[in-house]
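Remarks on the structure that follows.
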There are 2 protein chains.
Amino acid sequence: MQRNGSGATALDEPNETGKRLSSDERRRQILIAAMAVFGTRGYEGATTDEVARAAGVSQPYVVRLFGTKENLFLATIDEALTRLLAAFRAALAADDDADRDPGITEGKAAGKRIGQAYVDLIEVRGLHQTLAHAYLLGSNPVIGAAARRGFASVWRFFREEMGLDADEARAFMAEGMLISTMIGLRIVDDYGSDPQITELFRSCFPTELPHVLDVLPRGTERW
Amino acid sequence: MQRNGSGATALDEPNETGKRLSSDERRRQILIAAMAVFGTRGYEGATTDEVARAAGVSQPYVVRLFGTKENLFLATIDEALTRLLAAFRAALAADDDADRDPGITEGKAAGKRIGQAYVDLIEVRGLHQTLAHAYLLGSNPVIGAAARRGFASVWRFFREEMGLDADEARAFMAEGMLISTMIGLRIVDDYGSDPQITELFRSCFPTELPHVLDVLPRGTERW
DNA sequence: GTCTATACTGAGATAGAC
DNA sequence: GTCTATCTCAGTATAGAC
């Protein structure tokens, strides 16, 4: 996963120069901002104004570009899923068996790479939490339907592209849901304060712990 | 888990008779209603008015009893966690080894009972989803702190009361998060429509599938 | 213990200029 | 492509009666 990918520019450098961009470029920036805001506050809790300010544009312009807040959220889910599956596919394809532990099958190694890719997506602020929020809105007629389609597409990746059986796929999804929960919970805030929490935390992020500790949003940070 | 427990009266029989109750009784009714509403819409999406109507009282009275919406949500999380841990403890204690498969250890059997208790809590409408929503609000200073405490208390149950090691506990929590996600997603709505989804669904609810299919909220139902 | 009436605010959406 | 000004409504909270 690219650690300094171009994805995060919108939040790092808000548009304070009043530069005119192509509307596609703007859309992309706004979607980055939207992932962060929706991820933190949820669909209803987030405001289009917060998204707009995070992206460095005016609130009415966000509405203008996406029509409604609901539409913006749908586009945001889509963006998150597209990135998620792209990261998974890249990790699946990256069969760098040169430096592979000889005792490990390629299947196992791919599993590790994909798990790592999932965790690395923490760096796209709000991606995991936005999806988690969407998954909880199943009773919303339009968002719920989109969320179910998205969830199913991840399942299909594990079953068809990665070739896992149903039980393995379920275990993967379960670990993923737990990781998303721990990110949304910001349990990192209590890391070190209580041996139990520390243990819980470490048990969920077995790989690359220092890196994870470094990039996880925490505390009163907005995202 | 009791299938017709006293817990669900508030929603089944709203207070249309104008009866005066003890404020404790009312609080309990309102909390039941609140789990359902918060579970469906989330903290921000839910309105105190919706909760009030579900409980059969007026909106200002809900605010009167709980002070603020935030307070109501905190009380609702607490109610949900109390019920969750009570159900777990009951399942752990119910060592009915009379009809136990002789090839299964008591540890395994307890695990099955507790897993089943978790799934059975679907019948307390919104319980799982309310907790899941709370877990996603980690960046909220007051709700986030409460959510982390609650999550940690479940972890402690698995580790200390149930005696699992960290890896087993993590696996349990992960399965739980997946189940909560599937409930919130209302993936049951697509059950039968697509073999992939059906498989995903069955793989997550291996036990008592017909019962689960029966009690899961679905579609445009409010909760 | 519980209601009705209402004040107040926040936020999505629209109009229209540049 | 983007902004400012503004309309409008929904929703929390308060006041005060019964």
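Throughout, protein chains are lettered first and strands after them, A, B, ... in sequence-line order, and every chain is numbered starting at 1.
Note: A/Phe158 and A/Phe172 have tilted aromatic rings, judged against thresholds of 30 and 60 degrees for the angle between ring planes.
Spacing between atom CZ of B/Arg53 and atom C1' of C/dT4 amounts to 16 Å, rounded to whole angstrom units. For the pair B/Leu72 CG and D/dT12 C1', the interatomic distance rounds to 12 Å; values are reported in whole Å. Between B/Leu65 atom CG and D/dT14 atom P there is a gap of 14 Å when expressed in whole angstrom units. Rounded to whole angstrom, the span from the CZ atom of B/Arg27 across to the P atom of C/dT2 amounts to 13 Å.
B/Tyr61 is linked by a side chain to side chain donor-acceptor pair (under 3.5 Å) to nothing, counting only residues two or more places apart in sequence or in another chain. With sequence neighbours left out, B/Glu44 forms a side-chain contact (heavy atoms from CB on, under 4.5 Å) with A/Glu44. Applying the side chain to side chain donor-acceptor pair (under 3.5 Å) test to B/Gln116 and every residue at least two apart in sequence or in another chain returns B/Asp120, B/Thr207. The side-chain contact (heavy atoms from CB on, under 4.5 Å) test applied to B/Asp214 returns no partner, not counting sequence neighbours.
Using a 4.0 Å heavy-atom criterion, one finds that B/Ser58 contacts the bases of the nucleic acid, with or without backbone contacts as well.
Listed pair A/Arg26 / D/dG1 fails the phosphate criterion, with no side-chain N or O lying under 4.0 Å from OP1 or OP2.
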Which pairs would a plain distance check flag for residues 70-78 of chain A, meaning a side-chain donor or acceptor within less than 3.5 Å of a matching protein atom at least two apart in sequence or in another chain?
| residue | atom | partner | partner atom | Å |
| --- | --- | --- | --- | --- |
| A/Thr76 | OG1 | A/Leu72 | O | 2.6 |

Query - Contact pattern, 5' to 3', of nucleotides 7-18 of chain C - B, S or - by protein heavy atom under 4.0 Å - result: ----SBBB-BB-
